[in-house]
Protein chains: 2
Amino acid sequence: MTKHTPPLRLLRNSRALRRAEEIVDAAAQVFAERGYHGTSTQAIADVLGLRQASLYYYFPSKEAALEIVCERGVDGFLERAEAIVARKESALQRLTHLVASHLEPIGSKPDYVRVFINERRYLPNAARKRIARKIRGVERCFADVLAAGVADGTLRPDIDIRRTVLLILGMCNAVINWPAADRDAIDETAREIALLATRGLRSGSGA
Amino acid sequence: MTKHTPPLRLLRNSRALRRAEEIVDAAAQVFAERGYHGTSTQAIADVLGLRQASLYYYFPSKEAALEIVCERGVDGFLERAEAIVARKESALQRLTHLVASHLEPIGSKPDYVRVFINERRYLPNAARKRIARKIRGVERCFADVLAAGVADGTLRPDIDIRRTVLLILGMCNAVINWPAADRDAIDETAREIALLATRGLRSGSGA
DNA sequence: CGGGATTTCTATAGATCAATAGAAGATAGA
DNA sequence: TCTATCTTCTATTGATCTATAGAAATCCCG
């Protein structure tokens with residue numbers, strides 16, 4: 001990432017844009033399978049039948065590719081979560097929707113999400129912090145809904161909100177590393193998580 | 001791993017044994033922090049102020065070190081889980097104990113568990129399969145207890161046992177990647193997971 | 001079909017890394 | 001202290017990997 005400066009003007013060209021897209025896709029696929037450090041740029045090129053050096057016409061560095069893949073992996077999570085929190089629904093309903101919304105990209109772009117979940121820690125500082133901010137935003141959405149539920153009495157008052165948020169997200173994020181066979185029925189899984197969380201957290205169900 | 005053949009007889013020597021121990025510990029630490037492929041043998045040696053080549057007096061390869069760290073990370077999980085399942089307690093009680101038992105090593109040897117959770121997929125086939133077998137054993141323990149709960153009516157009959165097991169383990173395993181601040185109160189967390197699971201799964205708490 | 005721009009290629013530099021060979025140093029028992 | 005054994009070191013090999021340079025091929029527009 002020194003002098004080459006990727007031909008940014010060319011990225012408006014539809015041809016180059018499509019190629020860049022293919023390369024990002026290939027990178028996501030291989031990063032997801034072997035991890036960032038376990039992936040050589042050669043392996044990415046192999047997916048497309050390209051030469052290793054040709055990748056550098058589109059990307060200044062392997063790190064930059066990771067950054068793009070991670071950005072796409074996290075993209076939309078926060079926005080959708082914030083929209084759901086803003087709805088005029090009960091805490092339990094919103095929590096259920098939050099879970100379903102959080103799981104949806106796991107079905108639609110699993111490689112990207114997997115890389116974002118497993119490999120983001122290898123990002124350079126700036127990108128890592130940017131993504132961490134988004135994640136904290138999502139956590140805050142879950143926390144706000146839980147707090148609302150506690151406030152209006154539908155959720156047990158004894159829960160540690162921070163920890164509970166991390167546990168629910170732990171269930172959601174675990175799905176991304178399941179074998180494909182267990183991962184295919186995302187909707188079912190979303191319902192199970194929501195059911196487990198809402199029944200497990202609501203008040204009035206005895207000691 | 002060709003000719004050197006680690007001086008196995010020496011591993012009974014307490015001096016060499018202690019040194020080997022230090023090296024495994026250093027490897028676990030660095031693997032946990034930077035990942036297996038992100039770790040150079042130099043980085044492991046640096047932790048101890050040793051020269052990179054000196055590691056090979058104790059280990060035939062970097063892969064072998066990963067294998068040992070992962071083995072220790074997974075060690076004991078299955079045995080303790082099986083012991084708990086065999087107890088004459090209710091399904092809910094046993095589930096609670098299973099969760100607490102699963103979380104305990106996360107507090108006592110976090111680096112090892114973290115490497116086992118995050119890096120085992122980079123193990124050579126034989127070791128990976130051996131560990132996968134143990135994991136399936138643990139999953140079966142959780143599944144058996146859930147099935148018992150469904151059979152005796154304490155747990156909802158509509159749960160998908162396999163998926164529910166993976167979700168509960170997802171919560172447990174998520175803890176290992178929490179920031180230290182969130183990770184310190186393992187006992188609290190175990191109680192929260194158990195509470196969430198048992199209340200979320202038991203029957204008779206409405207639609 | 002001709003020519004400039006775009007895309008991909010070959011070739012290679014330069015760095016890093018796992019692992020080996022063998023010398024040097026440390027240790028401990030006699 | 002002498003000596004055999006154990007431990008660590010220096011030096012290096014060969015492989016691999018990211019990234020660059022510049023030539024070749026391809027594409028597209030007139």
Side-chain angles (χ1 to χ4, degrees), chain A residues 1-27 30-31 33-69 119 122-124, chain B residues 1-27 30-31 33-69 119 122-124:
Chain A
M1 195 212 147
T2 45
K3 66 154 42 141
H4 190 205
T5 226
L8 281 184
R9 60 206 160 80
L10 296 193
L11 293 186
R12 309 180 182 278
N13 175 318
S14 80
R15 190 184 155 80
L17 197 86
R18 222 175 318 130
R19 196 48 146 169
E21 203 65 26
E22 288 177 342
I23 293 175
V24 172
D25 241 56
V30 189
F31 286 163
E33 194 175 315
R34 314 187 204 174
Y36 174 69
H37 286 299
T39 295
S40 65
T41 54
Q42 181 65 63
I44 300 173
D46 285 347
V47 173
L48 302 170
L50 260 183
R51 297 288 165 162
Q52 178 262 343
S54 303
L55 300 176
Y56 287 82
Y57 180 72
Y58 296 92
F59 294 95
S61 69
K62 184 181 160 189
E63 227 172 38
L66 176 64
E67 202 169 314
I68 296 183
V69 172
E119 314 296 330
Y122 303 120
L123 282 171
Chain B
M1 193 211 151
T2 43
K3 67 163 27 156
H4 191 206
T5 229
L8 282 183
R9 60 205 160 82
L10 295 192
L11 293 186
R12 306 178 184 283
N13 175 319
S14 80
R15 191 183 154 80
L17 197 86
R18 224 175 317 132
R19 196 47 146 169
E21 203 64 28
E22 288 177 340
I23 292 175
V24 172
D25 241 53
V30 189
F31 286 162
E33 195 176 313
R34 313 187 204 175
Y36 174 68
H37 286 298
T39 295
S40 65
T41 53
Q42 180 66 64
I44 299 173
D46 285 346
V47 173
L48 302 170
L50 260 183
R51 297 288 165 161
Q52 179 261 342
S54 302
L55 300 176
Y56 287 81
Y57 180 73
Y58 296 92
F59 295 95
S61 70
K62 186 183 160 190
E63 226 171 39
L66 176 63
E67 200 169 314
I68 295 183
V69 172
E119 314 296 329
Y122 303 120
L123 282 172

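All of these numbers come straight from a predicted model, not from anything done at the bench. Letters A, B, ... are given to chains in the order of the sequence lines, protein chains preceding strands, and every chain is numbered from 1.
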Roughly how far, to the nearest 0.5 Å, is CD of A:Q42 from CZ of A:R51?
8.0 Å
How many Å lie between CG on B:L66 and C1' on C:dA18, as a whole number?
15 Å
Gap between atom CG of A:L48 and atom CG of A:L55 - 0.5 Å precision
7.5 Å
For B:E33, all residues meeting salt bridge (Lys or Arg N to Asp or Glu O under 4.0 Å), sequence neighbours excluded:
none
Could you tell me the separation between the CZ atom of B:R34 and the P atom of C:dT16, rounded to a whole number of Å?
14 Å
Rounded interatomic separation in angstrom, taking CG from B:L17 and P from D:dT7:
11 Å
List in chain and number order the residues that pass side-chain hydrogen bond (donor to acceptor under 3.5 Å, both in side chains) with B:E21, two or more places apart in sequence or in another chain; answer none if no residue qualifies.
B:R72
Tell me, please, which residues at least two apart from A:A53 pass side-chain contact (heavy atoms from CB on, under 4.5 Å).
none
Suppose we screen for side-chain hydrogen bond (donor to acceptor under 3.5 Å, both in side chains). Which residues come up paired with A:E63, at least two apart in sequence or across chains?
none
Expected list for residues 39-48 of chain B near DNA chain C, using heavy atoms below 4.0 Å, is B:T39, B:S40, B:T41
Using five pairs at either end of the helix from C:dC1-D:dG30 to C:dA30-D:dT1, determine the angle between the two local helix axes and round it to 10 degrees.
10°
Mind telling me whether B:Y122 and B:H37 have parallel, tilted or perpendicular rings, with 30° and 60° as the class edges?
perpendicular
Taking only nitrogen or oxygen atoms into account, show me every contact under 3.5 Å that the protein makes with nucleotides 8-15 of chain C, one pair per line with its distance.
{"from": "C:dT8", "atom 1": "OP1", "to": "A:R19", "atom 2": "NE", "distance (Å)": "2.9"}
{"from": "C:dT8", "atom 1": "OP1", "to": "A:R19", "atom 2": "NH2", "distance (Å)": "3.3"}
{"from": "C:dT8", "atom 1": "OP2", "to": "A:Y58", "atom 2": "OH", "distance (Å)": "2.5"}
{"from": "C:dC9", "atom 1": "OP2", "to": "A:R51", "atom 2": "N", "distance (Å)": "2.9"}
{"from": "C:dC9", "atom 1": "OP2", "to": "A:S54", "atom 2": "OG", "distance (Å)": "2.8"}
{"from": "C:dT10", "atom 1": "OP2", "to": "A:R51", "atom 2": "NE", "distance (Å)": "3.0"}
{"from": "C:dT10", "atom 1": "OP2", "to": "A:R51", "atom 2": "NH1", "distance (Å)": "3.2"}

Pairwise distance CG(B:L50) to OH(B:Y58) - rounded to 0.5 angstrom:
7.5 Å
Kindly indicate, with the supporting measurements, whether the criterion side-chain contact (heavy atoms from CB on, under 4.5 Å) is fulfilled by A:Y56 and A:T41.
CA-CA 10 Å; A:Y56 287 82; A:T41 54; 3.5 Å; yes
According to side-chain contact (heavy atoms from CB on, under 4.5 Å), who are the partners of B:R34, at least two apart in sequence or on a separate chain?
B:V30, B:T39, B:A43
Between D:dT18 (P) and A:H37 (NE2): distance, integer Å
11 Å
